[in-house]
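First comes the structure, then the notes that go with it.
Residue numbers count from 1 along this sequence. If you're wondering where the values come from, they're calculated on a predicted model, not measured in any experiment.
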Amino acid sequence: MALKLEMQGQTYGPFVNEYTARDVMLFALGCGAGSDGKTDLDYVYEKQLKVLPIFAATQIVDAEVTKTIDYGFNWGGSLHWGFDLHIHQPLPTNPGKLTTKVLLKGLFDRGEGRGCLAQHIGETFDEAGTKLFTNESWDCALYDGGFGGPKAPKDIVEIPDRDPDFEIEQDIPLNQALIYRLSGDDHPQHVDWEYAQEFGHPKPNLHGVSTAGVACRHVIQAMFAGEPERLTRFKTRLTKSLYPGCRVKTQIWKWDDNCVHFRVTDANDPDTFYLNFGLVEWK
């Protein structure tokens, strides 16, 4: 099926989502919080509950948004490519309603066999009309390249050529994707073994936002533990599919007083990068 190039430049929505403290906790569980029974319990325990900031990404990486902004891509080859999340105001833990509008800013051609990159810009507001966060999200449709579109702009975050200042390891539970999908991303490649294998995966893979949520927790733990509300920006590229059951390592480099660069590797294979070109800023 041909791509619907005319959808570029159009804004979709509003997409309205109500959330509760249970939604915040479920999301954090899907990002590995508390998987050892003791780490990052403030994201999953109602006593002095904290919001894992990357929860903001769920408002654009969502089944309703994806199905509404269907620009004609092959679903089996759809992968989350990366995102750049700017948090203007921390999300309250008390129940609320969020409204998001999403611009399909552009479709970019990586070439035949390499896919199409789709750039979405989502802006999310609370019930009072205050803008809470902006998310620039990129998806790759692997089977839809070669349509003659422009190349995507280059945007690389430098990873220093020295040992990391911090490293944090964690096992990814076998059921993490099953937990995370309950937060709204129900693509079958994360749960259906036959579907995953049909499109080249040995087994269901983990959602990109879930992997990023692990990294987000690790950076906060290393740099401003117990104060996730200080985070103002989270940016990363999703560079390799991660399959639950592995052990990951988040490598963190100090960049300046309120910024680090990071990547996530396989703890047993340092040349395998699940996330790369990562950046976190805070106030």
Side-chain angles (χ1 to χ4, degrees), residues 17 19-35 39-46 48-62 80 82-100 120-126 130-138 157 166 168 170 176 179-180 183-185 206-238 248 250 252 255 257-264 275 277-283:
N17 286 308
Y19 73 94
T20 67
R22 289 177 64 87
D23 296 314
V24 168
M25 291 187 279
L26 179 62
F27 173 81
L29 285 172
C31 294
S35 60
T39 303
D40 286 340
L41 293 182
D42 49 349
Y43 297 125
V44 297
Y45 181 28
E46 61 273 14
Q48 297 179 332
L49 180 65
K50 301 279 188 177
V51 180
L52 184 61
I54 207 169
F55 178 79
T58 62
Q59 303 309 304
I60 182 171
V61 186
D62 171 87
H80 199 179
F83 56 93
D84 188 357
L85 176 64
H86 292 259
I87 297 179
H88 313 299
Q89 298 288 337
L91 185 72
T93 57
N94 53 293
K97 182 182 294 184
L98 302 176
T99 300
T100 302
H120 303 81
I121 308 290
E123 294 186 322
T124 300
F125 301 82
D126 65 12
T130 301
K131 186 190 293 187
L132 297 180
F133 29 82
T134 302
N135 188 9
E136 177 184 0
S137 181
W138 292 79
V157 172
F166 302 94
I168 299 177
Q170 179 174 340
Q176 185 158 316
I179 297 171
Y180 181 84
S183 290
D185 186 345
L206 186 62
H207 306 71
V209 175
S210 177
T211 307
V214 173
C216 185
R217 291 177 31 248
H218 289 173
V219 171
I220 292 170
Q221 180 181 335
M223 305 309 301
F224 43 101
E227 300 179 288
E229 64 276 5
R230 293 177 61 189
L231 189 145
T232 57
R233 187 181 183 190
F234 185 97
K235 177 179 181 178
T236 194
R237 270 273 313 279
L238 312 171
V248 300
T250 303
I252 304 166
W255 195 252
D257 289 344
N258 294 91
C259 178
V260 296
H261 292 187
F262 73 90
R263 67 186 177 198
V264 175
L275 301 182
F277 314 119
L279 176 151
V280 169
E281 296 175 348
W282 64 91
K283 59 185 177 182

Can you tell me which residue pairs pass the salt bridge (charged side-chain N to carboxylate O under 4.0 Å, His left out) test with a partner in residues 209-227, sequence neighbours excluded?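 For residues 209-227, and leaving out neighbouring residues, the salt bridge (charged side-chain N to carboxylate O under 4.0 Å, His left out) pairs sorted by first residue read Asp40-Arg217, Glu227-Arg230.
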Do Ser210 and Gln176 get their side chains close enough for a donor-acceptor pair, meaning under 3.5 Å? yes
When you check the side-chain N and O atoms of His218 and Gln170, is any donor under 3.5 Å from an acceptor?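 Distance-only check passes for His218 and Gln170.
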Heavy-atom side-chain contact between [X] and [Y] under 4.5 Å:
X	Y	answer
Val264	Val214	no
Cys31	Leu52	yes
Gln221	Ile168	yes
Asn135	Gln59	no
Tyr43	Pro228	yes
Val61	Ser137	yes
Ile87	Leu132	no
Tyr19	Leu91	yes

Between [X] and [Y], what is the shortest heavy-atom contact and its length?
X	Y	answer
Leu41	Gly34	CD2-CA, 4.1 Å
Ala212	Leu275	CA-CD1, 3.7 Å
Pro53	Ile220	CD-CD1, 3.8 Å
Val280	Leu231	CG1-CD1, 3.8 Å
Gly226	Asp42	CA-OD2, 4.4 Å
Cys259	Leu279	SG-CG, 4.0 Å

Approximate separation, where rounding is to 0.5 Å, of [X] [atom1] and [Y] [atom2]:
X	Y	atom1	atom2	result
Ile121	Thr134	CD1	OG1	8.5 Å
Met25	Leu49	CE	CG	5.5 Å
Thr124	Ile60	OG1	CD1	7.5 Å
Lys131	Glu123	NZ	CD	3.5 Å
Thr211	His80	OG1	NE2	11.0 Å

Ring centroid separation Phe262 to Phe166 under 6.0 Å: no
Would a line drawn from the ring center of His88 to the ring center of Phe133 be shorter than 6.0 Å? no
One thing to verify: whether Asp126 and Lys97 come together as a salt bridge, which I'm taking to mean a side-chain N less than 4.0 angstrom from a carboxylate O. no
Parallel, tilted or perpendicular: ring planes of Tyr180 versus His207, cut at 30 and 60 degrees: tilted
Under the side-chain contact (heavy atoms from CB on, under 4.5 Å) rule, what do Asn258 and Lys283 come out as? Steps first, then yes or no, please. CA-CA 7 Å; Asn258 294 91; Lys283 59 185 177 182; 5.6 Å; no
